[in-house]
Amino acid sequence: MRDLSRSRSESRRKGYDVSGTASPLVSIVIPVYNEESILEQAIENLVAAYDENPEFDFDYEILISENGSSDRTVEIGEALSNRFDRVRLLRCPLPDYGEALRLGILEARGELIVCEEIDLCDTDFHRRALAILREDEADMVVGSKALGESQDNRPLFRRVATRVLNKMLWVAVGFEGTDTHGLKSFRRERLLEVVEQCELRKDLFASELVIRAMRGGYRVKEIPLVLQEVRPPSIHLYRRVPKVLSDLGRLIVLIRFKG
């Protein structure tokens, strides 16, 4: 397992831009790609929610993990990092959600990680998931869009896509949960080795992470979500299908044959 200093060195060798040295309890990692329309307001709201909620009685950091944006996302992210002491901007050179998420996890300084989506910033999930982790009732908490108690108000196509992917994972690699992609929180040191074992990037990095955690015997707990889409996906879903199918084939080899 690599320590944090080695992770940062690797990131710099790859051309990633990282900084910072403090150690908060919670690190919130948010991959972003071409999010100029909602980035500033989302981060402002997230900072306010943490600073004004007495249940968040701990130090935290927010890592904006930008990856290959062609709009003003970087400029806005830099302004936010200058404006808020607890906000840091990380940068990947190419559009890659999985690599951006992985970078944020490796560069996080917190004991507890929250993997967020810029169009959600669901602090109710944070509150519930962090309480579970702080009570040591789980090693990872997954916010499931597909649990019976969840309220998924996204467009029909996105809801169907989630369920189709989950069924494919059940059949292909024996996935026993209900969701892998989206909000999750975990103890960094316990899951760091699993993060480093993951070989996929793009959309299925998150799926590989959850599946490896479950197969590795870690305590993974799912909790329901309430979802409302605030903007269409930054990368059109149809364009992601060929890559997802290709990576699913790789995931079968990685899980079924390589372990």
I'd like to know whether C115 forms a side chain to side chain contact (heavy atoms under 4.5 Å, CB included) with I105, so could you lay out the CA-CA distance, the side-chain angles of the two residues, the decisive distance to 0.1 Å, and finally the verdict.
CA-CA 8 Å; C115 299; I105 294 169; 4.2 Å; yes
Evaluate I76 against D71 for side chain to side chain contact (heavy atoms under 4.5 Å, CB included), listing each step before the verdict.
CA-CA 10 Å; I76 295 169; D71 63 359; over 6 Å; no
Are L183 and D122 close enough, and set up right, to give a side chain to side chain contact (heavy atoms under 4.5 Å, CB included), and what steps lead you there?
CA-CA 9 Å; L183 305 187; D122 183 355; 3.8 Å; yes
Determine whether T162 and R154 satisfy the following criterion, side chain to side chain donor-acceptor pair (under 3.5 Å), listing intermediate values before the conclusion.
CA-CA 11 Å; T162 294; R154 298 174 304 159; 2.9 Å; yes
Can I62 and V29 be said to form a side chain to side chain contact (heavy atoms under 4.5 Å, CB included), step by step?
CA-CA 6 Å; I62 299 171; V29 179; over 6 Å; no
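Of the listed residues (R128, Q151, K145), just one forms a side-chain contact (heavy atoms from CB on, under 4.5 Å) with P224, and that residue is R128. When the options I30, V32, L103, I64 are evaluated for a side-chain contact (heavy atoms from CB on, under 4.5 Å) with L90, the one that passes is L103.
Listed by first then second residue, pairs satisfying ring pair (Phe, Tyr, Trp, His ring centres under 6.0 Å) with a partner in residues 129-152 number zero, not counting sequence neighbours.
Residues V164 and V173 are members of one and the same hydrophobic cluster, defined by side-chain heavy-atom contacts under 4.5 angstrom among Ile, Leu, Val, Met, Phe, Trp and Tyr. Residues L46 and V226 are members of separate hydrophobic clusters, defined by side-chain heavy-atom contacts under 4.5 angstrom among Ile, Leu, Val, Met, Phe, Trp and Tyr. F58 and I132 fall within a single hydrophobic cluster, where Ile, Leu, Val, Met, Phe, Trp and Tyr side chains are chained together by heavy-atom contacts under 4.5 Å. The same ILVMFWY cluster, assembled from side-chain heavy atoms under 4.5 Å apart, contains both W170 and I211. By the criterion of side-chain heavy atoms lying less than 4.5 angstrom apart, applied directly or through intervening Ile, Leu, Val, Met, Phe, Trp or Tyr residues, M214 is not grouped with V171; the two fall into different hydrophobic clusters.
Of the charged side-chain nitrogens involved, at least one lies within less than 4.0 Å of a carboxylate oxygen, so that R219 and D136 count as a salt-bridged pair. Here D57 pairs with R134 in a salt bridge; the nearest charged N to carboxylate O distance falls below 4.0 Å. Under a 4.0 Å N-O distance rule, the pair E40/R83 qualifies as a salt bridge. D152 and R158 are not joined by a salt bridge, as no carboxylate oxygen comes within less than 4.0 angstrom of a charged side-chain nitrogen. Looking at E61 and R109, a side-chain N of the basic residue comes within less than 4.0 Å of a carboxylate O on the acidic one, giving a salt bridge.
Checked against the 6.0 Å centroid criterion, the rings of H181 and Y97 qualify as a close aromatic pair.
Counting heavy atoms from C-beta outward, M140 and L133 have side chains that stay 4.5 Å or more apart. Looking at V194 and L191, their side chains come closer than 4.5 Å, going by heavy atoms from C-beta outward. Contact check for T123 versus F56: side-chain heavy atoms found under the 4.5 Å cut-off. Within the 4.5 Å cutoff, the side chain of L130 has heavy atoms near those of the V26 side chain.
A donor and an acceptor atom, one from each side chain of E35 and S69, are nowhere located under 3.5 Å apart. Side-chain polar atoms of E78 and S81 form no donor-acceptor pair below 3.5 angstrom.
Residues meeting the side-chain contact (heavy atoms from CB on, under 4.5 Å) test with E176, sequence neighbours left out: none.
A pairwise comparison of heavy atoms in R188 and G110 identifies CD-O, 3.5 Å as the closest pair.
Annotation: the span from I113 atom CD1 to E189 atom CD amounts to 9.0 Å, rounded to 0.5 Å. Note: L101 CG to L63 CG = 11.0 Å, rounded to the nearest 0.5 Å. The distance from atom CD of E99 to atom CG of L106, rounded to the nearest 0.5 Å, is 8.5 Å. Separating the CG atom in L169 from the CG atom in D179 is a distance of 9.5 Å, to the nearest 0.5 Å.
Ring geometry, Y50 versus Y60: the interplanar angle falls from 30° to 60°, so the pair is classed tilted.
When the shell of 6.0 Å around CG of N153 is examined, it contains more than 12 heavy atoms from other residues, nucleotides or ligands. Atom NZ of K221 has 12 or fewer heavy atoms from other residues, nucleotides or ligands within 6.0 Å.
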